[in-house]
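Take a look at the structure below.
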Number of protein chains: 2
Amino acid sequence: MSTQSDKAREQLDDLLERGEISRETFAEYSATADTAVSSAPHTGGQTHTTAPTQFVEADGIRFAYRRFGNPVGTPTVLLQHFMGNLDNYDPAITDALAIGREVILTDNAGVGLSTGSAPETVNGMARDAAALIDALRLEQVDLYGFSMGGYVAQQITVDRPELVRRLMLVGTGPRGGEGMAQLDPDVAPLFGKVYDPQDLMWLPIFFAPSDKSQAAGKQFLERIRTRTDDRDVPVSEATVAAHSAAARAWGAPAAGSFEYLRGIEQPVLVVNGSNDIVVATVNSYLLQQNLPNAELILFPDSNHGSQFQFTDQFNRYATEFLDR
Amino acid sequence: MSTQSDKAREQLDDLLERGEISRETFAEYSATADTAVSSAPHTGGQTHTTAPTQFVEADGIRFAYRRFGNPVGTPTVLLQHFMGNLDNYDPAITDALAIGREVILTDNAGVGLSTGSAPETVNGMARDAAALIDALRLEQVDLYGFSMGGYVAQQITVDRPELVRRLMLVGTGPRGGEGMAQLDPDVAPLFGKVYDPQDLMWLPIFFAPSDKSQAAGKQFLERIRTRTDDRDVPVSEATVAAHSAAARAWGAPAAGSFEYLRGIEQPVLVVNGSNDIVVATVNSYLLQQNLPNAELILFPDSNHGSQFQFTDQFNRYATEFLDR
């Protein structure tokens, strides 16, 4: 017991030292670490940076995932954004969530180290992600979907309501939302631009133009670069094309396209930046207005990746929402 | 020092016993009570229920107010809604805020026990409220404006930016917001209906039709009835008429009516329910979108008085915002 406590403390010390959590978050978790840890054995002190990439087979696909955290309560499954793989999840968020639950980072079919081909529909992506969850023998999960991952999270909740306890929808929107059928002509080229290193592409896509937001963006890049061993591989061009088609079809305006939201009875936390240039911020408002049980948080001076900018606040809201 | 700690603890015990704060809030504050109390003398253990109504003269008006809490940092001045007086502030909110700062509940000119006549413009109401703040010799305050009090809070911030550190805008909207020129024909009669007791009027105005929201409404009414001595007096018909005119003028659509929001540089917390029937929820979204530094929180299954329904969450967000 005391060994597990010590491990959790060491882990917290590490996170603080690496700047992945703030002093406030450290103090908060430090106070509860003993209790959390004594209620269940901790998973061997793994963190975002150290958790090995694992694989599981389902429907003929070999899915890549990473799993770590405190195995108490309901695990949180994270569903990734367009062009992102296992290395694009933010350790400042996943390590904070992992203190109170297990987190499972996923590559959907055809993404990064996962085999299979990426479907050209969100329905197909939801079917694949649910197959992965089933293969891990998880009876109920909380879903955290960012951007296109948020489309997939909504669709899983519609298709498999018993599988989902709570839902976090970040930087995303409903089927047929406003301006979602295609990217803004100023924004689309940002996804095709070549950078050195390539992850610089996320600065204009996830962060607002202000100095403050861009500085937060640079810290975010530092964080996702921290893991140096056992990294994922880039998303293929075929997958990019398939996912583009899926996102366009999801976003196409259609009469009654918000109707399905009325049937999602799970508590939902909707989060976005004040000016999301990828999935316009108004879509987060529309999600909240059409979901029967959703809370909305919009952060100031921020863009598509507001959770990477207001990380401490986001972690506080998210953990409080999941622990409720 | 230990006497002050004891007092703060007794106060917390009282609040918990009366159901004004939850067990979670109690635990949270209990842990910090010693520190908070030892850093400054506490104001004689007054609470929402016991703080005497006081008076101060300014511009020929005798303003009624109540002041209590921990005199550290910036005090929070609360600006009341249409037809509300000192007894319509929620002790579950004011007592929670008062643990970390002084709170000052106000009756504007012509309201309740305050003398003077109520102006027919928000500009006039802002001038009067600022005169009250000046008369209390407060150099800088945080403003908490609910509904019409939110119009006044915005106007004070525009007129006297140096006076305002942070702003909380709850169940309110911008000048010329959507559907703000007049109340919805279904809603207007709710303000004129006679009830026994009269405070039952707030159930349909502040709370959603769901059982859960209405149950929260009944608890709110219990809370605002707790204070039995030294109560305020009802708002006069003349004041109701003047404030109606002020609200209509504020809400009248006009080109560029949101422009002033760009000039409010203070951090702002905007809060509302999912379906505000008095000041449509979209206006909270519009505030966040047009203010340069605002965070938005929208609660589910709630109406104009969402802060009275999600009180613990609201207190957590509000104190965290004020302490930042």
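This structure is a prediction, so every number in the text was calculated from the model and none was measured. Hydrogens, waters and symmetry mates play no part in the numbers below; they use all other heavy atoms, side chains included. The sequence lines fix the lettering, A, B, ..., with proteins before strands; numbering per chain opens at 1.
Between A:Phe299 and B:Gln288, the shortest heavy-atom contact is O-NE2, 3.3 Å. What you find for A:Ala294 and B:Pro300 is that their closest heavy atoms are O-CB, 3.3 Å.
A distance of 11.0 Å separates CZ of A:Arg316 from CZ of B:Arg316, quoted to the nearest 0.5 Å. Interatomic distance, NZ of A:Lys212 versus CG of B:Asn293, reported as 6.5 Å (0.5 Å rounding).
Proximity to chain B at a heavy-atom threshold of 4.5 Å picks out nothing from residues 158-178 of chain A. At a heavy-atom cut-off of under 4.5 Å, chain A is reached by B:Ser274 from residues 255-274 of chain B, listed in order of number.
Of the residues considered (A:Leu291, A:Ile297, A:Asp301), A:Ile297 shows the highest number of contacts with chain B, using heavy-atom pairs under 4.5 Å.
Between B:Tyr317 and A:Tyr317, the angle of the ring planes goes over 60°, which puts this pair in the perpendicular group of the 30/60° scheme.
Enclosure of atom CD in B:Glu320 by more than 12 non-hydrogen atoms of other residues, nucleotides or ligands within 6.0 angstrom is indicated. Atom CG of A:Asp323 has more than 12 heavy atoms from other residues, nucleotides or ligands within 6.0 Å. Shown here is B:Gln182, whose CD atom has no more than 12 heavy atoms of other residues, nucleotides or ligands within 6.0 Å.
Proximity to chain B involves both the backbone and the side chain of A:Thr281, based on heavy atoms less than 4.5 angstrom apart. Interface remark: A:Tyr285 contributes side-chain atoms only to the contact with chain B (heavy atom separation under 4.5 Å).
The main-chain N or O of B:Asn275 is never found under 3.5 Å from a side-chain atom of A:Gln289 such that the two would form a donor-acceptor pair.
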